[in-house]
Asks: 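The structure under discussion is supplied below as structure tokens; questions concerning it will follow.
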Amino acid sequence: MPELPEVEIRRQYLETSSLFQTIQHIEVDDKKLLTTDYSTLINALEGRQFVSTRRVGKNLFILTDDPAVIVRMHFGMTGDLEYYHASLNRPRFARIVFEFATGYNLGFLCPRKFERVGLVSDIDAYLLEKKIGQDGLDITRDTLADRVRRKKALIKPVLLDQHVVAGLGNWIVDEVLFQAYVHPEQRADTLTDGQMTQLHQAIQLVLETAIRYEATYRDFPNNFLIHVREWDDSPYDDVEAHNYCPRCRTRIERATVGGRTTFFCPKEQVINA
DNA sequence: CAGCATGTTTGAAG
DNA sequence: GCTTCAAACATGCT
């Protein structure tokens with residue numbers, strides 16, 4: 001489920017499995033998944049090795065032994081990686097496969113085809129061109145406040161906007177707003193200084209917690225809102241128990257904000273404008 | 001079977 | 001040019 005923490009986990013996975021092995025071949029099932037045309041990609045990467053990685057928001061960059069050849073991966077809603085021995089069956093949905101001379105393969109799994117792979121020649125130039133905001137883990141409180149206050153839209157869609165701050169997705173924004181006691185429909189330019197500080201702290205808390213638990217939701221602290229989402233690894237056997245605010249026990253409300261499903265505590269998250 | 005989904009891009013409207 | 005919003009994308013899962 002690739003939001004920032006999950007992309008970070010994939011970065012670490014790639015970094016510990018797939019560096020310093022010569023790329024012999026790249027299998028591409030569906031060329032629509034590429035943001036660089038197939039022959040350019042093949043010509044640039046065959047014979048190269050991955051040497052390091054960098055993540056910005058939900059973007060994973062993989063540097064090669066040619067400084068001007070960098071792979072960018074985006075995991076869409078459901079993308080994943082799987083490193084496996086070439087003698088084994090190709091994993092399900094591994095629509096792009098990097099085949100190394102070591103006999104191991106790195107599969108880029110795309111169940112829903114919203115994922116993308118392509119080349120960039122300069123990471124910072126790419127970020128500038130795409131106007132990607134600062135990474136959620138790096139952004140300062142004051143920069144966040146400045147970027148947020150320029151927007152008149154609702155705070156939830158503003159936090160989802162990768163140009164404002166990079167890496168927050170739907171569930172993380174809900175969690176951040178819950179931890180910061182901010183209503184998802186408050187206008188971004190009406191947040192007080194105090195709310196802005198709470199928001200910044202909540203972003204750090206949620207991202208660091210998610211990375212620490214390797215994005216495994218069932219292990220998250222009990223005071224996290226995420227447990228209201230009825231995902232397979234919910235920590236509760238009692239389905240009803242996770243429909244209530246973990247702090248005040250008010251029933252959690254479900255709404256659509258900015259076109260996305262949104263959960264919040266109607267008692268503790270109030271519009272303060 | 002119908003509805004929903006963790007994300008981004010695009011285009012329309014203001 | 002900028003902002004905001006809804007739709008579209010392609011497919012899997014419940």
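Proteins come first, then strands; the chains are lettered A, B, ... in the order of their sequence lines, and each starts at number 1.
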Asks: Distance only, no hydrogens: is a donor on one side chain within 3.5 Å (strictly under) of an acceptor on the other, for A/Thr78 and A/Glu115?
Replies: yes
Asks: Heavy atoms under 4.0 Å, any strand shown: does A/Gly169 hit a base, just sugar-phosphate, or nothing?
Replies: sugar-phosphate
Asks: Please state whether the phosphate of C/dG12, meaning OP1 or OP2, lies under 4.0 angstrom from any side-chain nitrogen or oxygen of A/Thr78.
Replies: no
Asks: Which is true for A/Phe75 with a 4.0 Å heavy-atom rule: it touches a base, it touches only sugar-phosphate, or it touches nothing?
Replies: nothing
Asks: Taking only N/O atoms, report every protein-nucleotides 1-4 of chain C pair under 3.5 Å with atom names and distance.
Replies:
| residue | atom | partner | partner atom | Å |
| --- | --- | --- | --- | --- |
| C/dT4 | OP1 | A/Lys152 | N | 2.9 |
| C/dT4 | OP1 | A/Ala153 | N | 3.0 |

Asks: Do A/Glu208 and A/Arg212 meet the salt-bridge criterion of a basic N to acidic O distance under 4.0 Å?
Replies: no
Asks: Does A/Lys130 or A/Arg112 map to a spot on DNA chain B nearer the 5' end, using the closest nucleotide for each?
Replies: A/Arg112
Asks: Under 3.5 Å, is there a donor-acceptor pair between the side chain of A/Asp135 and the main chain of A/Gly57?
Replies: yes
Asks: With a 4.0 Å cut-off on N to O distance, would you call A/Asp146 and A/Arg141 a salt bridge?
Replies: no
Asks: Provide the distance between the two P atoms, one in B/dT9 and one in C/dG12, to the nearest whole Å.
Replies: 23 Å
Asks: Using only side-chain N and O atoms of A/His74, determine if any of them is under 4.0 Å from OP1 or OP2 of B/dG7.
Replies: no
Asks: Quick check for you: among B/dA5, C/dA10, B/dT8, whose closest atom lies nearest to any side-chain atom of A/Phe114?
Replies: C/dA10
Asks: Partners of A/Asp161 by side-chain contact (heavy atoms from CB on, under 4.5 Å), sequence neighbours excluded?
Replies: A/Lys151, A/His163, A/Val164
Asks: Quick one: do A/Glu268 and A/Arg247 make a salt bridge, cutoff under 4.0 Å?
Replies: yes
Asks: Could you please name the option among C/dG12, B/dG7, B/dC4 that lies closest to any side-chain atom of A/Arg254?
Replies: B/dC4
Asks: Give the nucleotide from the list B/dG7, C/dT11, C/dC13 with an atom nearest to the side chain of A/Arg92.
Replies: C/dC13
Asks: Can you list the stems that DNA chain C is part of, where a stem is at least 3 pairs in a row, each Watson-Crick or G-U, with both distances below 3.5 Å?
Replies: B:2-5 with C:11-14, B:7-14 with C:2-9
Asks: Is there a donor-acceptor contact under 3.5 Å linking the side chains of A/His25 and A/Glu46?
Replies: yes
Asks: Give the cluster check for A/Phe50 versus A/Tyr84: same hydrophobic cluster or not, with ILVMFWY residues linked at side-chain heavy-atom distances below 4.5 Å.
Replies: no
Asks: Name the nucleic acid region contacted by A/Glu115, choosing base, sugar-phosphate or nothing; use a 4.0 angstrom heavy-atom cut-off, strictly under.
Replies: nothing
Asks: Indicate yes or no for a side-chain donor-acceptor contact from A/Glu8 to the backbone of A/Ile211 under 3.5 Å, with no hydrogens or angles considered.
Replies: no
